[in-house]
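These numbers were taken from a predicted model, which means no experiment stands behind them. Side chains are part of it too, since the values below use all heavy atoms of this structure and drop only hydrogens, waters and symmetry mates.
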Amino acid sequence: MYVSRIQIVSDPSNVVAKSLAKSLEDIGYYIVQHHPEVYIYFYPIGITVRKIAGLIKDKVTDPVVISVTDDGSYVIPLIKEHRGGSIIGEIIADLMGSQLILTSRTSQLGIYSVEEFAWINGLSIDSKQSDILNMKLVRNGKLKIYLQDRLDLKVIEGFELVENSDEADACVGEEVNGKPLLRPLHLALGIGYARNVPFEVLYFSAINTLKSIHVYEKRLEFIVTPEIKKR
């Protein structure tokens with residue numbers, strides 16, 4: 001669900017695209033030329049659509065595709081907006097000071113999709129089940145979630161926690177009565193640091209990193225450090 005490999009496609013002379021590549025690398029993303037999880041095109045939408053025609057095969061395995069105007073003024077997720085494109089698009093828009101344009105049905109209602117709720121809270125969900133839940137979310141404007149375990153979730157607009165599984169639209173933890181299931185992921189964050197860095201700096205660095213990628217900080221379970229730091 002989460003992504004780290006990004007390919008930027010633009011004219012070689014586009015300085016805005018080069019600046020974005022550096023900014024994304026600075027916050028931990030890999031800028032690659034092969035097998036990306038996200039494509040960012042610095043072209044008018046018509047040109048972008050023609051360029052991605054061969055990439056789009058299946059909505060489950062298709063990459064996220066984001067179109068950015070040549071001057072960086074507008075950021076428009078085209079493919080997989082509600083499956084991560086909106087969040088990556090928001091990160092890009094924040095880095096460039098651009099206007100983010102969202103067009104999914106949930107975005108039009110001002111609520112998060114099921115996949116976006118899962119992204120924020122470190123959960124995974126089957127794509128077929130998410131399609132069913134998103135249809136219900138658009139129809140009713142809200143989904144009821146039954147939480148089995150003592151898991152600290154960020155409850156956002158469009159989602160409501162309920163204590164009775166019978167009235168829930170979906171469950172978090174283990175399957176109950178065949179209801180759609182969101183499975184908690186184990187989230188780990190890798191940190192490299194100098195020996196004299198205060199603990200408080202490391203803590204706030206970890207928290208700010210999670211916030212920058214729109215992941216609820218209380219879902220972090222592990223912090224991974226280099227072996228040499230144990231000495």
Side-chain angles (χ1 to χ4, degrees), residues 1-4 37-38 56-65 77-91 100-189 206-224:
M1 179 175 67
Y2 301 113
V3 298
S4 61
E37 297 157 312
V38 180
I56 309 309
K57 299 176 182 178
D58 182 273
K59 66 180 181 180
V60 176
T61 58
D62 287 343
V64 174
V65 178
L78 297 180
I79 302 297
K80 281 192 172 179
E81 177 188 316
H82 67 291
R83 297 178 186 236
S86 63
I87 294 176
I88 298 298
E90 185 172 345
I91 293 171
L100 176 65
I101 298 177
L102 302 177
T103 60
S104 68
R105 290 188 176 93
T106 49
S107 295
Q108 292 174 55
L109 293 172
I111 56 180
Y112 286 96
S113 70
V114 173
E115 294 91 343
E116 291 164 339
F117 174 77
W119 179 299
I120 291 169
N121 285 294
L123 307 170
S124 67
I125 183 170
D126 177 79
S127 60
K128 292 182 180 179
Q129 291 186 334
S130 66
D131 287 342
I132 294 172
L133 289 175
N134 279 323
M135 291 176 61
K136 185 177 290 189
L137 178 60
V138 170
R139 184 172 62 248
N140 300 332
K142 180 178 289 188
L143 286 179
K144 296 180 179 180
I145 306 295
Y146 174 67
L147 180 60
Q148 291 182 310
D149 302 321
R150 293 184 178 180
L151 194 67
D152 197 344
L153 294 184
K154 185 173 185 178
V155 182
I156 54 183
E157 187 172 354
F159 297 83
E160 175 187 353
L161 296 183
V162 296
E163 296 184 357
N164 189 340
S165 62
D166 291 337
E167 60 178 306
D169 298 303
C171 297
V172 175
E174 296 182 2
E175 187 175 334
V176 177
N177 299 327
K179 292 182 181 291
L181 177 65
L182 293 103
R183 298 182 183 275
L185 300 171
H186 295 294
L187 299 185
L189 179 67
I207 296 301
N208 289 333
T209 297
L210 291 170
K211 288 183 177 179
S212 72
I213 58 173
H214 300 269
V215 175
Y216 187 38
E217 61 272 15
K218 291 187 178 181
R219 286 288 292 114
L220 180 65
E221 294 184 69
F222 306 101
I223 294 179
V224 182

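- Side-chain N or O atoms of Asp152 include none that pairs as donor or acceptor with a backbone N or O of Lys218 at under 3.5 Å.
- Under the 3.5 Å distance criterion, the side-chain polar atoms of Glu116 are left unmatched by any main-chain donor or acceptor of Gly84.
- Proximity of the aromatic rings of Tyr112 and Phe117 is defined here by a centroid distance below 6.0 angstrom, and this criterion is not met.
- A donor atom on one side chain and an acceptor atom on the other are not found under 3.5 Å apart for Glu81 and Ser86.
- In this model, a donor atom of one side chain and an acceptor atom of the other lie less than 3.5 Å apart for Asn134 and Glu115.
- Within the model, atoms CZ of Arg83 and OG of Ser113 stand 8.5 Å from one another, a figure rounded to the nearest 0.5 Å.
- Partner of Pro77 under the side chain to side chain contact (heavy atoms under 4.5 Å, CB included) criterion, chosen from Val65, Leu100, Ile88: Leu100.
- The shortest non-hydrogen separation linking Tyr146 to Val162 is CD1-O, 3.5 Å.
- Between Asn121 atom CG and Tyr216 atom OH the span is 8.0 Å, to the nearest 0.5 Å.
- For the pair Trp119 (side chain) and Val114 (backbone), a donor-acceptor distance under 3.5 Å is absent.
- Without hydrogens or angle criteria, Asp126 side chain to Lys128 main chain gives a donor-acceptor distance under 3.5 Å.
- When atom types are taken as modelled, the side chain of Arg219 and the backbone of Leu185 share a donor-acceptor pair closer than 3.5 angstrom.
- Between Glu160 and Lys144 there is no salt bridge, since none of the side-chain N atoms of the basic residue sits less than 4.0 Å from a carboxylate O of the acidic one.
- A salt bridge does not link Lys80 with Asp62: every distance from a Lys NZ or Arg NE/NH1/NH2 to an Asp or Glu carboxylate oxygen is 4.0 Å or more.
- Here Asp131 contributes atom CG and Gln129 contributes atom CD; the two are 10.5 Å apart, rounded to the nearest 0.5 Å.
- Judged purely by atom type and a 3.5 angstrom limit, Asn164 uses its side chain to pair as donor or acceptor with the backbone of Asp166.
- Taken to the nearest 0.5 Å, the NE2 atom of His214 stands 8.0 Å off from the CD1 atom of Ile120.
- The backbone N or O of Val60 sits less than 3.5 Å from a side-chain atom of Asp58, completing a donor-acceptor pair.
- At distances below 3.5 Å, not a single donor-acceptor pair connects side-chain atoms of Glu174 with backbone N or O atoms of Gln148.
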